[in-house]
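Every chain is numbered from 1, with letters handed out A, B, ... down the list of sequences.
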Number of protein chains: 2
Amino acid sequence: MMRCESGEHDHHDVYSALCPCRDVLDLLANKWSALVIGALEAGPQRFGALQRHLQGVSPKVLTQTLRRLEDAGFLDRTIYPAVPLHVEYALTSLGQSVTVPLALLRTWVEQHVDQIKL
Amino acid sequence: MMRCESGEHDHHDVYSALCPCRDVLDLLANKWSALVIGALEAGPQRFGALQRHLQGVSPKVLTQTLRRLEDAGFLDRTIYPAVPLHVEYALTSLGQSVTVPLALLRTWVEQHVDQIKL
DNA sequence: CTCCTTACTTCCCAATAGATAGTAATCCTC
DNA sequence: GAGGATTACTATCTATTGGGAAGTAAGGAG
């Protein structure tokens, strides 16, 4: 049973209650987070484009999701003070790196949804 | 922009609001679901063992998670009417199949948690 | 001065998460 | 045979989160 310490040799374990892994998993293992990160795989996107891409997301929930991902360092928010206002969201290198497992999860869902009775 | 239909040639898209993919993604892209499925990778487990493995989960939330995963066909619930009562949870073949993307997500988190400021 | 666009906030309610405590069945101990 | 132990839940209550609808701000066009 691994503990989660902050020493020289860190043993991180998502199964440990106090490990920061838990918070990270909670952030990423989320419908909208997975979709936002996937949408930005193709390149930087503006708020409106994301909202259209993620059909059915409300502006409030999209803002929340973007802020959380930005605060954790998964994406950058750039404001272009043009008129009308222009805000662009782009993946950081950390964000790029997490697209791999998230894309696999999304494609798994699309490929197996027929086998799932809901 | 792909639609999500139920015809001869299905085009499933997690980005489509009405696609059942959304519900499946919502079920799987969840902290406790990812941890439960990961815990069962090693083989069938009983309720108590799962509760100890997933440190910090309450019995109510664990039951909810198990029921949802069972209803969707990711795991089987077997009751052994021994004394004391004995209930075993095991992955179905569908459940086995989804362990792959979920394990990748969990290990990504454990490997990159140091780079994330929370 | 009003309309339009973009990108959000604010407000409110409903659904979910989570902690704590209790239940049921059956044996084992004293 | 009363009380405790064990396993797997259920019930209850509260706090947090999710989500929809509407409102706000900034600035240019007409």
Query raised in the report: Among residues 23-39 of chain A, which contact DNA chain C at a heavy-atom distance under 4.0 Å?
Result: none
Query raised in the report: Under a single-linkage rule joining Ile, Leu, Val, Met, Phe, Trp and Tyr whose side-chain heavy atoms are separated by less than 4.5 Å, which residues share a cluster with A:Leu104?
Result: B:Leu104
Donor-acceptor contacts under 3.5 Å from residues 57-69 of chain B side chains, at least two apart:
| residue | atom | partner | partner atom | Å |
| --- | --- | --- | --- | --- |
| B:Ser58 | OG | B:Val61 | N | 3.4 |
| B:Thr63 | OG1 | B:Pro59 | O | 2.8 |
| B:Thr65 | OG1 | B:Val61 | O | 2.8 |

Report summary line: In the 5' to 3' direction, the nucleotides of DNA chain D bounding the stretch that comes under 4.0 Å of a heavy atom in chain A are D:dG18 to D:dG28
Query raised in the report: NA contact type, A:Val61, heavy-atom cut-off 4.0 Å: base, sugar-phosphate, or nothing?
Result: base
Report summary line: Residues passing the ring pair (Phe, Tyr, Trp, His ring centres under 6.0 Å) test with B:Tyr89, sequence neighbours excluded, are none
Query raised in the report: Going by heavy atoms closer than 4.0 Å, what residues in residues 64-78 of chain B are next to DNA chain D?
Result: B:Arg67, B:Arg77
Report task. Kindly write out the residues that satisfy salt bridge (Lys or Arg N to Asp or Glu O under 4.0 Å) with A:Glu70, not counting sequence neighbours, or none if the list is empty. Result -> none
**Report entry** Segment of DNA chain C, first to last nucleotide, that comes within the 4.0 Å heavy-atom reach of chain B
**Finding:** C:dA17 to C:dC27
Query - By salt bridge (Lys or Arg N to Asp or Glu O under 4.0 Å) - contacts of B:Asp26 (at least two apart) - result: A:Lys31
Query raised in the report: How would you list, by chain and number, every residue that makes a ring pair (Phe, Tyr, Trp, His ring centres under 6.0 Å) with A:Tyr15, sequence neighbours excluded?
Result: B:His53
Query raised in the report: Is A:Tyr80 touching bases, backbone alone, or none of the nucleic acid, heavy atoms closer than 4.0 Å?
Result: nothing
Query raised in the report: Roughly how bent is the helix from C:dC1-D:dG30 to C:dC30-D:dG1 end to end, in steps of 10 degrees, with each end axis from five pairs?
Result: 30°
**Report entry** Residue closer to the 5' end of DNA chain D, A:Val57 versus A:Leu85 (nearest nucleotide)
**Finding:** A:Val57
Query raised in the report: Among pairs that include at least one residue of residues 42-51 of chain A, which meet salt bridge (Lys or Arg N to Asp or Glu O under 4.0 Å), considering only residues two or more places apart or in two chains?
Result: none
